[in-house]
2 protein chains.
Amino acid sequence: MTARTAREAPEPRTARAARTDRTAGTDRTAPAAPAARSRGGKAPTLEEVAAHAGVGRGTVSRVINGSPRVSAPTRAAVEAAIAELGYVPNRAARALAANRADAIALVVPEPEARFFAEPYFSDIVSGVGEALAETGMQLLLTFAGGARERRRLAQYLAAHRVDGVLLVSVRADDPLPDLLAGTGIPTVISGRRSAAEPLPSVDSDNAGGARTAVAHLLSRGRRTIATITGRLEVYGASCRLDGYRRALAEAGHAPDESLIAVADFTEEGGRRAMRELLARRPALDAVFAASDVMAAGARQTLRAAGRRIPDDVALIGFDDSAIARHMDPPLTSVRQPIEEMGRAMARLVLSEAGPTPPGKPEPGAGPQQLVLPTELVVRGSS
Amino acid sequence: MTARTAREAPEPRTARAARTDRTAGTDRTAPAAPAARSRGGKAPTLEEVAAHAGVGRGTVSRVINGSPRVSAPTRAAVEAAIAELGYVPNRAARALAANRADAIALVVPEPEARFFAEPYFSDIVSGVGEALAETGMQLLLTFAGGARERRRLAQYLAAHRVDGVLLVSVRADDPLPDLLAGTGIPTVISGRRSAAEPLPSVDSDNAGGARTAVAHLLSRGRRTIATITGRLEVYGASCRLDGYRRALAEAGHAPDESLIAVADFTEEGGRRAMRELLARRPALDAVFAASDVMAAGARQTLRAAGRRIPDDVALIGFDDSAIARHMDPPLTSVRQPIEEMGRAMARLVLSEAGPTPPGKPEPGAGPQQLVLPTELVVRGSS
DNA sequence: ATCACACATGGGAGCGCTCCCACCGTACCC
DNA sequence: GGGTACGGTGGGAGCGCTCCCATGTGTGAT
């Protein structure tokens, strides 16, 4: 708005004044600066800070960037000047000069994707945001479109717009990860696409969570435990199935494929799978669903079939979403530390993009793979 | 597997070095540039495009920015060069030179805030993202911290880091909006803070939604309709209460304060309010809750009290969240067009930040206030 | 006292872009 | 014929910062 035409007469001391009393900005047109800022609408520049502190540009830059090569008194003087002028570095200039962006992109799949649903999204974002906030990095949200868009996206991301990329809920056949890897941008993926995920990744212990859930069912005396799994091409889904199998095997149960039904992570899928299961094994007394949504579907079918939960059939879900908490009866579910995964992803990508400080050569032991523990939240359904 | 282990020796200056020549892409794991790009790892610059097309820098810039002052053949030549080189403008440089950011910030309150819960967050983000994608603007996610942080935040946002700010779920006493308004950054708020919201805003028709819900209850033959409202300092909550009152008044019911209970938008609050209501008016036959979460709480209390839903008491919520869909029975709820609100917000800031061609057209009719219609989604609970 | 070698510091040279002004033609006017 | 207008174009001058080299100014060793 008010153009940059304004002739500014650097008026440094306004600082304190503005802060303490300036609120009187009755003149609606006049942007009462939130912090002291020499009038003229323009934010102070590094050069102005330097002049104000009586030092050179380079010194101010050093102070801002935390270089140790500045004497204590000088640093103090510069910091005072910065505070007084309410100086805030111009990101664009910094990015241009330093050839970095101070920003991390979180690429989210299209809205229809399962990921976008609760609770995943907000928690991941929350975790990522938290970790990033500590470092002054910015969080860019980017939406991956179709195949063509993805190519363009990789290109854009590569064009020095971000220092790192966070990928979530990526399907195994998505070209984006490889496109990105090709550009050399540090990339971290949440949810491995396979056991041999080539990208640094953060995942939750799907197998362990499933195993714990089933073990819990067994400890409650359940004998015929079925499972509703997601499409097995989804690595996480197959891990959950593995966990289910392992728990049963550990308890001495013989493998029984008739207790396994594959669905697609939707409620309708859950209903259908439950019907199948009931038809095949009418005597089942417990069901472990690989997601809360599928559990919700299963619950409906069970009800319709006259089975009481948990009296006749115990039910456990996965995700510990709001649905689980509000279901009737409340659903026992495997909680994934989503927010923590977000934090971990952010930290991982930061370390990749980071200075690679001397002495932290990271033994070339392949990509970093983090697997975070899950937790069984026991509620009324089991 | 050890794909990215290519981390070179800790060599501080690598950055600069790499840009000029190095990283010849010949080593590492086949970079396979997404698009043709002059080798050397460096992204082509505008200058290179100009040379390639045999024109001047200015002309290329004009083409990129869609200036009409370029002849057709020249434009074609430039576009060909751009495509051939796989040129992508450097955002930082552009931002620096043009003094704009090409980015909009979405400021979200802290995670504990109600807002962060489903379904608000993802839908808003989705809508905003969609609208922004069309314009090539970036979406920055920022987290508002405590009071002090907010001051800092306003400062940062003002320091030319974004062209506009989107505020969501702002409490009436939050200083951030005013801080921002003071800096002159285009700001749009979702959910007016009062009837006289000074900021451009996008809101849903809370009163209308509530009125429709209650009218629906009346049409179903309910006579004693109670309501559980949120804290009335929250403008939206008081609007919903107004809608409730209006519907009743329109049906000729006399105002009855004993049918109104105030809660705090939490499940526990809903339970407590329902208990109150039941104690005061045991004969009530319907409840309109100002949020699904409170409705969930109310439902529990009703159940515990032996009331059947909807046979004895009809229940309606607000938000149409996943909770509503999965409740038992499924909850009738007032849907807000959240995603559309996100889109509207984005478009609004864009128009504020936008060209603002010569002078300041904008018929100075006060801040833009958009109120989007709500919709009653009828389910089993009513 | 001299030399060497740290440090601390100042400031030039860009980073890649937009802005804007000068300049070129060509079409049109008197 | 010589203006007068332009639409089209090239390129200088920065935008505010980081880098890095050159230049002081202390200290210790000789």
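Quick note on labels: first sequence line is chain A, next is B, and so on, each numbered from 1.
A distance-only check finds a donor-acceptor pair linking the side chain of B:Asp163 to the backbone of B:Asp102 [under 3.5 Å].
Computed from coordinates, the A:Arg100 CZ to C:dC15 C1' distance equals 13 Å when rounded to whole Å. Across the protein-nucleic acid pair, A:Arg94 atom CZ and C:dG16 atom P stand 18 Å apart, rounded to whole Å. Between B:Glu48 atom CD and C:dC17 atom C1' there is a gap of 13 Å when expressed in whole angstrom units. Look at CG on B:Leu46: it is 14 Å from P on C:dC15, rounded to the nearest Å. When the P atom of C:dC20 is taken as reference, atom CG of B:Asn99 falls 12 Å away, rounded to whole Å. The distance from atom CG of B:Asp102 to atom C1' of C:dG16 is 14 Å, rounded to the nearest whole Å. In this structure, B:Glu47 places its CD atom 12 Å from C1' of C:dC15, rounding to the nearest Å. Distance A:Asp163 CG to D:dT18 C1': 15 Å, rounded to the nearest Å.
A:Ser61 has a side-chain polar atom (N or O) that falls below the 4.0 Å cut-off from OP1 or OP2 of D:dT18.
When side chains are defined from C-beta on, A:Asn90 does not count as touching A:Thr45, because their heavy atoms never get closer than 4.5 Å. Put simply, the side chain of B:Leu46 reaches to within 4.5 Å of the side chain of B:Ser61, judged on heavy atoms.
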Practice prompt. Give the intermediate values and the outcome of side-chain contact (heavy atoms from CB on, under 4.5 Å) for residues A:Val108 and B:Val125.
Written response: CA-CA 11 Å; A:Val108 306; B:Val125 167; over 6 Å; no
Worksheet item: Checking side-chain contact (heavy atoms from CB on, under 4.5 Å) for the pair A:Ile64/A:Ile82: CA distance, chi angles, key distance, verdict?
Response: CA-CA 9 Å; A:Ile64 290 171; A:Ile82 288 174; 4.1 Å; yes
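Closest to the B:Asn90 side chain, of the nucleotides C:dC15, C:dT18, C:dC17, is C:dC17.
Scanning all heavy atoms of the two residues, the minimum distance from A:Leu132 to A:Ala346 falls at CD1-CB, 3.7 Å.
Nearest-nucleotide mapping onto DNA chain C: of A:Ala93 and A:Arg57, the residue sitting toward the 5' end is A:Arg57.
For the side chain to side chain contact (heavy atoms under 4.5 Å, CB included) criterion with B:Leu176, the lone passing option out of B:Leu157, B:Val170, B:Val165, B:Val107 is B:Val107.
Across residues 62-77 of chain A, A:Arg62, A:Asn65 each have a non-hydrogen atom less than 4.0 Å from an atom of DNA chain D (numbered order).
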